[in-house]
Amino acid sequence: MNIIDLNDKKYDVIVIGGGHAGCEAALASSRMGAKTLLLTSTIDSIAQMSCNPAIGGLAKGNLVKDIDALGGEMAKNIDASCIQFQMLNSKKGAAAQSSRGQADKKRYIKRMIDTLISQDNLDVKQGEVCKIITENNEVKAVENIWGEIFSCRKIIVSTGTFLNGKVFIGETSYRAGRTYELPSIALAKSLQEIGFIPVRLKTGTPARIDYRTIDYSKLEVYEMQGEKTPFSFENTEFPLPQIKCYATYTNEETHKIVKEHIHRSIYYNSKDKGIGPRYCPSMEDKIAKFPERNRHQIILEREGYDSMEVYPNGFSTSLPVDAQLAAYRTIPGLEHCEFIRPAYAIEYEAYQPTILYGSYETKLIKGLYFAGQINGTSGYEEAACQGLMAGINAVLSIDNKEPFILGRNESYIGVLTDDLITKGVDEPYRMFTSRGEYRLHLREDNAEYRLIEYGYKYGLISKTRYERFQKEKEEVYNEVERLKKETIKLKDNRKKLESYGINLERGISCYEFLKRPETDINMIKEMGLTSLSGRSAKQVETIIKYSGYISLQEEDIKKYKSLEDKKIPDNIDYTKIAGLRREYVEKLSKIRPKTIGQALRIPGMSFSACSILEIAINKEKKNNG
């Protein structure tokens with residue numbers, strides 16, 4: 001008799017792992033009405049900020065805003081725990097700006113745990129998953145290390161750095177998923193037995209310094225300018241007081257110590273080590289790759305109001321502890337520092353994301369989804385958005401509905417998804433604004449305008465919030481049109497204009513006025529020509545200032561969509577397309593692109609090959625009537 005049939009612990013969706021991907025996946029699934037189980041090896045470590053105690057940053061802030069516009073939780077969680085907010089690139093245009101919030105680590109974790117525990121349709125249980133049970137290449141159940149079996153219809157694996165994880169500190173190494181937490185060895189074996197082939201990747205984290213051993217008189221205050229704008233569109237302010245961060249720098253003595261002891265790092269000198277992130281290198285890599293630089297900036301970030309731990313952002317390493325401490329103590333302000341925790345490198349297993357459909361379901365096993373670092377990405381925000389998308393798509397699949405796949409023109413989430421499934425990874429993937437072709441359109445400030453319709457459609461956005469947005473949207477666009485007709489009269493506003501350093505030869509419309517780079521919406525308001533304020537006023541200003549550029553980008557988006565609208569049949573046999581070279585047949589057969597546009601983005605794919613493909617598809621359609 002089948003043991004699964006005897007088990008009464010049945011769920012629609014099971015999420016494995018309680019990191020940032022797992023949290024969003026479990027919340028999305030349960031909020032859409034699916035009976036969901038989140039299984040994690042340690043409940044106390046849910047939403048752990050293993051590395052930097054911060055959310056957001058360049059392009060990452062855009063991801064968080066997009067998650068919020070779709071009904072995810074990350075933005076609300078950082079707003080509730082934020083102790084220092086920064087608007088990066090605040091002096092640049094709206095498309096370049098990104099939010100970053102340093103969190104009180106314990107508050108961040110506690111709020112997310114409380115949110116998960118109190119969520120309807122969601123069970124949270126502790127118990128390391130050791131096996132995924134399948135039948136006829138379709139998921140059926142999971143088993144934990146205590147022998148409990150939970151049957152389900154869909155499984156989302158979001159294991160972070162835990163699959164066969166291994167920590168390296170100097171000449172010491174040991175198996176771990178994070179510092180001293182046990183790795184997922186049995187689950188990694190189970191996935192390999194199913195047929196998944198892993199790749200080894202690497203990341204690292206700095207030491208944690210005792211706050212009381214730092215000389216802050218030698219440090220410079222590190223504080224960004226710009227408005228303090230919450231991440232979530234539902235919030236208007238941060239509830240917690242803000243604290244300061246501090247900057248310092250390494251020097252030639254620091255670099256000398258690192259060089260002298262680099263031979264003692266068994267990880268750094270390993271020939272078969274995993275691939276690390278190019279954009280966030282260890283101090284060993286910084287010194288080796290940038291020998292001309294005699295210093296590197298270090299930002300000291302306290303991990304919470306009540307925490308004695310300080311995170312030295314910019315100095316990760318896998319040197320022995322004594323060498324780490326000696327190097328840190330050469331830095332101004334850290335001459336007498338003491339460690340609470342040493343720095344370390346961690347190597348773990350992931351899988352090439354080309355094995356995924358755009359829904360994050362694996363091509364090998366029906367009903368099995370991967371989200372987060374298991375797909376070769378790096379970062380809390382990249383993981384969270386994948387978890388959200390996997391959670392939504394798992395439920396849609398249960399209901400036999402079309403998958404939800406965002407386009408590159410709709411969100412950085414769409415850019416990330418398309419990059420992963422089309423190109424794969426050769427290092428841990430991080431989102432950058434430069435990866436998006438439509439950056440002017442994918443701004444932080446307009447996330448709701450782009451995505452809230454989806455969040456509302458899938459039941460993740462409340463009616464109250466949706467109606468608030470619709471009212472704001474109508475107000476904004478009506479005001480844009482009104483300002484085209486509202487004229488700034490020189491006789492009434494000459495003195496105001498002179499105080500702004502603006503000289504007009506004639507009266508012009510407010511719309512024309514706001515298109516000038518030296519103007520802003522507050523000037524219009526001070527002249528009594530608009531009553532809007534806050535987010536609505538800022539949105540009006542941005543729409544007007546970017547109007548010309550946005551029009552040009554909208555033309556590019558139309559061209560992009562024309563390619564994305566050309567669907568490729570799921571059952572197409574590329575080997576039977578005449579004139580298609582073998583190398584292209586292999587690429588297309590492996591990736592199985594859904595559209596001509598996606599096919600064109602496969603590395604090494606040519607325009608001529610896609611033209612041949614398009615002709616073959618059109619011919620097949622014609623033959624089939």
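Reckoned from all heavy atoms, side chains included, excluding hydrogens, waters and symmetry mates.
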**OP:** For salt bridge (charged side-chain N to carboxylate O under 4.0 Å, His left out), just list the numbers for Glu410 and Arg450, CA-CA rounded to whole Å, side-chain angles, deciding distance to a tenth of an Å, and then say yes or no.
**Re:** CA-CA 6 Å; Glu410 295 179 287; Arg450 292 181 282 108; over 6 Å; no

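- Looking at Met431, Glu382, Arg430 one by one, the single match for side-chain contact (heavy atoms from CB on, under 4.5 Å) with Thr377 turns out to be Glu382.
- A donor and an acceptor atom, one from each side chain of Thr203 and Tyr348, are nowhere located under 3.5 Å apart.
- Both tests pass for Arg443 against the ring of Tyr546: distance under 6.0 Å to the centre and angle within 45° of the axis.
- Side chain to side chain, Ser99 and Glu444 meet the donor-acceptor criterion of an N or O pair below 3.5 Å.
- Counting only heavy atoms from C-beta outward, the side chains of His20 and Glu24 never approach each other to under 4.5 Å.
- A side-chain donor from one of Ser608 and Ser606 sits under 3.5 Å from a side-chain acceptor of the other.
- Side-chain atoms of Glu437 never come within 3.5 Å of backbone atoms of Arg408 as a donor-acceptor pair (strictly under, hydrogens ignored).
- Look at Lys561 and Glu564 and you find no salt bridge, because none of the NZ, NE, NH1 or NH2 atoms lies under 4.0 Å from a carboxylate O.
- No salt bridge links Glu555 with Lys559; every basic N to acidic carboxylate O contact stays at or beyond 4.0 Å.
- Note: Phe404 and Tyr454 meet the aromatic proximity criterion, with ring centroids under 6.0 Å apart.
- Open room surrounds NZ on Lys244; 12 or fewer heavy atoms of other groups in view lie less than 6.0 Å from it.
- Here the CG atom belonging to Asp418 is positioned 11.0 Å from the CG atom belonging to Leu406, to the nearest 0.5 angstrom.
- In this structure, the ring of Tyr449 has its center less than 6.0 angstrom from the ring center of Phe469.
- A distance-only check finds no donor-acceptor pair linking the side chain of Arg100 to the backbone of Gln84 [under 3.5 Å].
- Legend: residues meeting side-chain hydrogen bond (donor to acceptor under 3.5 Å, both in side chains) with Ser232, ordered by chain and number and at least two apart, are Asp68.
- Cation-pi geometry between Arg435 and Tyr429 is met: the NZ or CZ atom falls under 6.0 Å from the ring centre, inside 45° of the normal.
- Between the side chains of Ser397 and Glu361, no donor-acceptor pair is found at a separation under 3.5 Å.
- A salt bridge does not link Asp570 with Arg592: every distance from a Lys NZ or Arg NE/NH1/NH2 to an Asp or Glu carboxylate oxygen is 4.0 Å or more.
- Between Gln119 and Arg31, the side chains place a donor N or O and an acceptor N or O closer than 3.5 Å (distance only, hydrogens not considered).
- For the residue pair Tyr466/Glu453, the side-chain donor-acceptor check at 3.5 Å is satisfied.
- Classification of the Phe196-Phe370 ring pair by plane angle, with boundaries at 30° and 60°, yields tilted.
- Seen from the ring of Phe85, Lys228 does not count as a face-on cation partner, given the 6.0 Å and 45° thresholds.
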